[in-house]
Amino acid sequence: MVGLMVSFRPMARVSLTSSAQTRSLDTIPTPVRFGFGRPVTATELTRLDIDVQPDGKGLPAGAGTAVQGKVIFAVKCAACHGTGGTGGLGGALVTTSMTTTAVVGKRPDKTIGTYWPYATTVFDYIRRAMPFNEPGSLTDEEVYHLTAYLLHANGIIDEKATITAQTLPKVVMPAQKLFIPDDRRGGPEIR
Amino acid sequence: MKKINRRTWLSGATTAAVAIAQTATGKAVQVGVPIEQFWSDDPTKQPGTPPSQVGTRSPFEKLVKSPSEISSRTPLQDLHGILTPSDLHFERHHNGVPAIDPAKHELLIHGMVDKPLVFTLADLKRFPSVSRIAFLECSGNFRTGKETLSPQDICGLTSQSEWTGVSLATLFREVGVKPGARWFLAEGGDAALMTRSIPVQKGWDDAIIAYAQNGEALRPEQGYPVRLFLPGWEGNTSIKWLRRLELGDAPWQTREETSKYTEAVGDGKIRQFSFDIDARSIITFPAYPAPVQRGWIEIRGLAWSGRGTIERVEVSADAGKSWQVATLQQPVLDKAHTRFRLLWHWNGDETEIMSRAIDSTGYVQPTFRQLLDARGGNSGYHMNPITAWQIKRDGRVLHRPETR
């Protein structure tokens with residue numbers, strides 16, 4: 001049986017079988033590196049590495065204002081998020097009395113003002129996933145404008161504020177202080 | 001003997017509903033054939049269908065997931081054993097199932113590593129492989145509020161498969177993860193470019209870069225051609241259509257780990273990075289909508305824990321007044337759906353049946369009320385309460401909606 005196997009697979013891996021006849025070969029150490037894969041090119045990294053971190057790492061060049069973002073929002077976002085981001089099929093983004101009033105059987109919408117702990121997430125998410133029907137179609141400049149608009153509409157930044165790679169990470173979100181890490185640990189306690 | 005269309009019989013039809021008929025040009029086309037035409041009164045009096053390329057279910061079996069706009073649920077009440085047929089594995093995606101050519105799909109690992117590398121699917125398959133049977137559950141897997149809910153409706157966002165791929169630890173060694181790396185970002189290649197931050201330790205512990213499910217390539221809706229699989233952790237973290245891993249020293253705070261997949265836990269606090277799935281069980285028979293008859297009934301169900309193995313399942317057939325230990329069907333695996341059963345004689349009186357799981361950490365599946373008390377309300381995610389079924393005198397089985 002072992003001979004048969006070897007004749008079909010003469011190259012390697014016999015050492016990984018568990019039969020008694022070949023167990024002695026299990027002493028072949030697993031290499032630290034197999035040498036598979038290839039180096040990444042700079043072009044690939046630029047195309048793929050689009051994430052933005054809370055400290056601002058990954059934010060591109062550009063600047064945005066609420067005034068310009070308002071115009072883009074009306075054209076590209078309001079269909080799903082409602083006029084001014086106050087609610088629609090895609091949920092409310094802006095805190096209003098509608099989102100803070102408890103309705104029986106319906107959880108209040110989690111808006112950027114009440115539930116988003118980091119402003120950089122707004123930029124990252126719009127850039128990677130919005131608009132829903134045309135993801136990835138916005139320019140970095142448009143994303144900055146929309147980010148500024150949504151932060152202003154939630155009362156977090158001034159209408160005149162300019163959002164850039166330097167200013168966005170400094171925006172303190174109202175919800176940030178609410179977030180705590182997982183406190184469940186298994187065992188008998190219910191948390 | 002019932003007449004059967006000769007061309008249908010000759011075709012080697014793989015199902016009764018779809019058969020191959022020859023057109024005038026000899027070109028095979030698929031046509032629908034009604035089951036009644038195909039079915040025989042006495043299968044011993046006529047030859048059966050010849051061998052087929054791909055097997056299918058009996059046309060008598062109507063197994064379907066229940067799709068909504070964002071997810072599709074496994075019909076738990078219709079399944080046996082612990083493995084979910086791949087085509088019935090629940091689906092949850094955030095902007096559809098992408099169409100990916102495996103020849104063009106690559107996985108990039110970069111960031112805090114010695115040697116950033118790009119792996120093709122063929123590269124990934126060259127590494128030593130690992131396989132593991134484990135459940136995958138969405139942390140938003142809970143519905144209640146009415147009596148006419150089936151196990152599929154209540155918690156059909158959990159399924160189980162054998163996952164095969166390369167251990168992420170192997171790839172971490174290949175790229176040389178730097179000692180300071182504490183988290184990694186996993187990113188999907190779907191229209192949502194789904195991202196989650198995962199502690200590096202999970203990558204070293206038991207994460208799998210999976211390319212196969214139940215013996216074949218992943219299904220497209222399960223991340224074809226390659227996904228992350230994190231045993232025991234909330235489903236959203238097992239990023240599908242995986243295209244990139246970036247090592248870093250802090251979490252990215254992506255939308256899916258801040259404004260979604262976080263839960264209110266009282267005093268206005270919001271719990272984040274709640275990765276582990278706590279122990280849960282559900283009786284899948286008897287359950288709505290199938291009625292039962294008085295006499296002997298084998299109560300059957302599933303139990304699982306993201307923190308270890310199922311130690312014990314207790315079943316009550318008297319609305320929680322007394323509990324009996326159910327039999328656990330082997331194998332009882334770590335972080336896996338475990339089948340339990342208990343023989344019960346129903347005398348026809350109205351009652352409620354329910355199950356509770358106890359895992360290897362000593363955690364006891366809570367009641368809905370216990371969860372609400374602990375979290376100051378319904379937290380939305382990670383709701384794993386005991387599910388109760390009402391047995392009516394006429395044999396109807398109805399969900400008993402949880403109340404405060």
Side-chain angles (χ1 to χ4, degrees), chain A residues 13 16 30-41 44-45 48-55 57-58 89 91 105 107 110-112 114-118 120-122 124-129 132-136 173 175-191, chain B residues 94-95 108-110 115-120 123-124 126-128 145 170 173-176 185 187 191-195 243-244 246 248 250-255 258-260 262 265 268-276 278 307-308 359 361-364 366 370-371 373-375 378 380 382:
Chain A
R13 306 297 291 277
L16 297 179
T30 302
V32 174
R33 288 197 169 126
F34 290 85
F36 305 156
R38 63 166 175 83
V40 63
T41 66
E44 284 173 320
L45 256 186
L48 291 167
D49 187 10
I50 61 162
D51 56 85
V52 173
Q53 297 176 29
D55 62 3
K57 188 167 167 251
L89 276 177
R107 280 187 219 118
K110 299 166 177 177
T111 67
I112 291 169
T114 60
Y115 210 91
W116 287 53
Y118 294 92
T120 47
T121 311
V122 180
D124 178 88
Y125 184 65
I126 295 172
R127 182 163 72 161
R128 72 174 53 247
F132 193 73
N133 61 342
E134 223 177 329
M173 299 294 274
Q176 191 175 334
K177 59 182 181 294
L178 305 178
F179 280 75
I180 57 166
D182 190 8
D183 56 354
R184 299 169 305 143
R185 295 285 178 269
E189 198 179 12
I190 304 299
R191 304 197 74 141
Chain B
H94 296 70
N95 199 352
L108 164 65
I109 307 183
H110 70 118
K115 195 179 170 188
L117 288 171
V118 178
F119 301 102
T120 63
D123 290 334
L124 295 175
R126 288 178 74 190
F127 285 101
T170 302
R173 280 190 289 271
E174 194 72 21
V175 297
L185 182 77
E187 182 179 79
L193 286 176
M194 175 57 59
T195 43
R243 75 169 195 180
R244 187 167 70 96
E246 181 175 354
W252 275 252
Q253 307 288 354
T254 73
R255 184 251 197 180
T258 53
S259 84
K260 304 289 174 186
T262 55
V265 289
K269 295 296 180 190
I270 301 162
R271 190 161 65 198
Q272 190 182 22
F273 302 122
S274 313
F275 296 124
D276 301 85
D278 279 325
R307 295 184 189 274
D359 74 11
T361 73
Y363 179 89
V364 182
Q370 282 177 297
L371 284 169
D373 288 347
R375 300 175 188 174
N378 186 339
H382 289 282

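Proteins come first, then strands; the chains are lettered A, B, ... in the order of their sequence lines, and each starts at number 1.
Considering only heavy-atom pairs separated by less than 4.5 Å from chain A, the leading option among B:Lys260, B:Glu187, B:Met194 is B:Glu187. Taking chain B as the reference chain and counting heavy-atom pairs below 4.5 Å, the highest number among A:Arg184, A:Arg191, A:Arg185 is found for A:Arg184. Listed options A:Gly37, A:Pro135, A:Gly35 were ranked by heavy-atom pairs under 4.5 angstrom with chain B; first place goes to A:Gly37.
B:Thr262 and A:Tyr115 are linked by a side-chain donor-acceptor pair at a separation below 3.5 angstrom, with hydrogens and angles left out of the test.
At a threshold of 4.5 Å between non-hydrogen side-chain atoms, the residues B:Thr195 and A:Arg128 count as touching.
Within the 4.5 angstrom heavy-atom criterion, atoms from both the backbone and the side chain of B:Arg271 approach chain A. Heavy atoms closer than 4.5 Å to chain B are found in both the backbone and the side chain of A:Asp183. B:Thr254 touches chain A through its backbone: at least one of N, CA, C or O sits under 4.5 Å from a heavy atom, while the side chain does not. Contact annotation for B:Arg255: both backbone and side-chain heavy atoms come within less than 4.5 Å of a heavy atom of chain A. For B:Gln272, the parts lying near chain A are the backbone and the side chain together; criterion is any non-hydrogen pair under 4.5 Å. For A:Tyr118, the part lying near chain B is the side chain, with the backbone staying farther off; criterion is any non-hydrogen pair under 4.5 Å. Residue B:His94 touches chain A through its backbone alone, counting heavy-atom pairs closer than 4.5 Å. With a 4.5 angstrom heavy-atom cutoff, A:Ile50 touches chain B via backbone and side-chain atoms both. The part of B:Val265 that comes within reach of chain A is its side chain, from C-beta onward, which places non-hydrogen atoms under 4.5 angstrom from that chain. Only the backbone of A:Glu189 comes within contact range of chain B, judged by heavy atoms closer than 4.5 Å. If you measure heavy-atom distances from B:Leu117 to chain A, the contacts under 4.5 Å come from both the backbone and the side chain. Proximity to chain B (any heavy atom under 4.5 Å) is shown, for A:Phe34, by both the backbone and the side chain. Neither the backbone nor the side chain of B:Asp359 comes within contact range of chain A; no heavy atom of the residue lies under 4.5 Å from a heavy atom of that chain.
Rounded to the nearest 0.5 angstrom, B:Trp252 CH2 and A:Thr120 OG1 are separated by 12.5 Å.
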Task: Worked check of ring-ring contact (aromatic ring centres under 6.0 Å, His included) between B:Phe119 and A:Phe36 - done: CA-CA 7 Å; B:Phe119 301 102; A:Phe36 305 156; 8.5 Å; no

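Comment: B:Arg244 engages A:Asp49 in a salt bridge, judged by a side-chain N to carboxylate O separation of less than 4.0 angstrom.
The backbone N or O of A:Gly186 lies less than 3.5 Å from no partner atom in the side chain of B:Thr361, so there is not a single donor-acceptor pair. Of the possible polar contacts, one joining the B:Lys269 side chain to the A:Lys177 backbone as a donor-acceptor pair under 3.5 Å is found.
Between A:Asp182 and B:Phe273, the shortest heavy-atom distance links the atoms CB-O, 3.4 Å.
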